[in-house]
Amino acid sequence: MSEVSTIDLNRLPEHVNQTVRIQGWVHGLRGSNARQFLSLRNSGKILQVLAEKEILGEDLFSEIKHLKQETSVEVIGKLVENEKSPIGYELVLSSYKKVGESDNYPITPKEHGIDFLLSQRHLWLRSSKQLAIIKVRSELSYQIRKYFHTNQFTLIDTPILTGSIGESAGTLFSTEYFDLGNAYLAQTGQLYLETAIFAHNKVYCYGPTFRAEKSKTRRHLTEFWMVEAETAFLTHAENLMLQENFVKTVIRETVAACGPELKVLERDPSTLLDYISKPFALIDYKEALEYLQSKGEDIVWGDDINSEREQMLCQKFGGPVFIQKYPREAKAFYMKVNPEDPRTVLNADLIAPDGVGEIIGGSEREESYETITKRLEEEKLPVESYEWYLELRKYGSVPHSGFGLGTERLIAWICGLQHVRECIPFPRMMERLYP
Ligand code: 4AD
């Protein structure tokens with residue numbers, strides 16, 4: 001037996017018509033008194049294993065027939081091509097060994113409520129749909145890093161414990177930090193990225209960010225992964241071009257690599273490919289407001305555009321839409337005031353269709369020391385803790401722009417999901433910290 005190679009399900013094509021060993025878990029089992037089909041899970045994929053009484057004999061066949069869901073096993077058999085199997089191969093079992101028992105596995109093939117499943121997240125990760133979502137997430141993360149790396153952006157790992165507020169004072173997690181007062185969990189890496197453009201011009205960060213937002217919506221997590229990019233000498237208009245190219249590239253590459261996963265999720269890839277085959281729409285906040293008012297919406301200057309209204313705009317344009325130049329009071333202190341209309345800032349949010357909503361927030365940054373100090377004061381933020389950030393405006397200040405993309409929202413869009421809670425292995429939400 002020792003010459004039999006142990007393989008994983010990513011390497012099946014190299015081993016067709018060979019006898020191989022595969023280690024994994026009993027995902028499911030069905031069949032008759034003469035043959036059983038065991039779904040074996042390994043490396044996020046499922047292989048059909050055919051167990052026949054005639055080959056295995058009465059005792060071994062009976063043992064297999066009574067295997068319980070999630071028992072871990074080692075199987076040996078001949079790998080053959082089989083068009084009917086979802087991954088194109090089947091293993092014809094010749095011998096097997098039990099590795100670990102599993103009894104009364106709580107997640108059965110019947111329907112379970114979402115609260116139950118979330119409280120079983122440590123086990124739920126093994127279910128077919130969850131396997132697919134996490135694979136898409138992993139592929140997308142790789143594509144994101146690849147995009148920035150191949151486009152000469154330098155990775156800057158920004159801190160998670162911070163002393164200054166990045167976005168808004170209302171949504172901070174804070175903790176005591178020795179004798180230095182409060183530290184906050186980062187809402188964004190942006191302010192630190194801005195320091196690094198003076199050293200590296202084009203930089204990005206990609207990591208967990210935290211918002212103590214009391215929102216229980218389908219698109220809010222208290223801990224989410226944001227990828228942010230920042231570029232020196234980049235204007236607002238150029239920033240939009242970069243975002244569009246970035247989003248289209250990572251979607252195209254992820255869709256190309258995740259065909260089987262999208263099939264499990266019943267997400268038609270052509271829907272996404274259609275969206276990214278055309279230029280993204282661009283509308284000023286002011287025009288968006290007029291459009292929404294013309295549709296009978298009760299919305300006035302300064303109001304946020306809520307998720308239903310965002311979707312009305314996506315419907316109008318038949319795809320993703322950038323909404324740009326928001327009223328300055330609605331946005332963060334660092335955004336550059338629009339010289340052509342000082343009531344607004346040079347920012348844009350990218351809104352995804354299919355009920356997903358805002359996936360990117362970005363802007364050109366205020367580069368004047370005086371203006372940004374004034375903005376901090378207006379927002380009643382403690383200017384002294386931003387001293388280092390303000391110094392960037394003293395030593396060779398330049399026009400610069402950047403953006404942040406919430407990866408769970410992009411995953412939800414790619415996977416065709418209505419909620420971000422399944423798009424991260426262990427979602428953190430207002431009412432959930434377990435497991
Ligand atoms: O628009 P936001 O707050 O922008 C920033 O944090 C900027 N500092 C980014 C930058 O310019 N470098 O957040 C950016 C994106 C949103 O568009 C959304 O996709 C996601 O982060 N996001 C969330 N995702 C899940 N749960 C939450 N609570 C989120 N809050 C924001």
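Read the numbers this way: they start at 1 and go in the same order the structure lists the ligands and their atoms.
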Side chain, backbone, both or neither: the part of Y334 lying under 4.0 Å from ligand 1 by heavy atom: side chain
What pairs with R409 under salt bridge (Lys or Arg N to Asp or Glu O under 4.0 Å), at least two apart in sequence or on another chain? none
Can you name the atoms of ligand 1, numbered from 1 with element, that are less than 4.0 Å from a heavy atom of G406? 15 (C), 19 (O), 20 (C), 21 (O)
Does the T222 side chain pair with the main chain of R211, one donor and one acceptor, at a distance under 3.5 Å? no
For ligand 1, note which part of I360 has a heavy atom under 4.0 Å away: side chain, backbone, both or neither. backbone
Is ligand 1 less than 4.0 angstrom away from at least one heavy atom of M226? yes
Around atom 5 (C) of ligand 1, find the nearest protein heavy atom and jot down its residue, atom name and distance. E167 OE2, 3.3 Å
Salt bridge (Lys or Arg N to Asp or Glu O under 4.0 Å) partners for K278, two or more places apart: none
Smallest separation among heavy atoms of S39 and I46, with atom names: CB-CG2, 3.5 Å
Mind checking whether L221 has a heavy atom under 4.0 Å from ligand 1? yes
Considering only protein heavy atoms, which is closest to atom 31 (C) of ligand 1, and at what distance to one decimal place? F224 CZ, 3.5 Å
How far is atom 18 (C) of ligand 1 from its nearest protein heavy atom, and which residue and atom name does that atom have? R409 NH1, 3.4 Å
Min over C423, G189, G404, P427 of heavy-atom distance to atom 15 (C) of ligand 1 lands on G404
Ring centres of W388 and Y192 under 6.0 Å apart? yes
For ligand 1, indicate whether the residue F403 contacts it via side chain, backbone, both or neither (heavy-atom separation under 4.0 Å). backbone
Should the pair R219-E408 be classified as a salt bridge under the 4.0 Å nitrogen-to-oxygen rule? no
Do ligand 1 and E230 have nitrogen or oxygen atoms that lie under 3.5 Å from each other? no
OH/Y142: more than 12 non-hydrogen atoms of other groups inside 6.0 Å: no
Before we go on, tell me: are the rings of F148 and F246 under 6.0 Å apart, centre to centre? yes
Do other residues, nucleotides or ligands put more than 12 heavy atoms under 6.0 Å from N182 CG? yes
Can the ring centres of F116 and W124 be said to be less than 6.0 Å apart? no
To check your reading of the model: name the closest protein heavy atom to atom 12 (N) of ligand 1, its residue, and the distance in Å. E228 OE1, 2.6 Å
When you measure from the heavy atoms of M335 to every atom of ligand 1, does any distance fall below 4.0 Å? no
the protein heavy atom lying closest to atom 3 (O) of ligand 1 turns out to be R211 NH1, 2.9 Å
Regarding D349 and K331, does a basic nitrogen lie under 4.0 Å from an acidic carboxylate oxygen? yes
Atom 17 (O) of ligand 1 has as its nearest protein heavy atom E358 OE2, 2.5 Å
Among all protein heavy atoms in this structure, tell me which lies nearest to atom 19 (O) of ligand 1, with the distance rounded to 0.1 Å. I359 O, 2.9 Å
Quick check on the 6.0 Å ring-centre criterion: do Y334 and Y386 meet it? no
Find all atoms of ligand 1 within a distance of less than 4.0 Å from any non-hydrogen atom belonging to E213, and give their numbers and elements. 28 (N)
Is R219 in contact with ligand 1, taking contact as a heavy-atom separation below 4.0 Å? yes
Got the closest protein heavy atom to atom 11 (O) of ligand 1, with its distance? R365 NH2, 2.9 Å
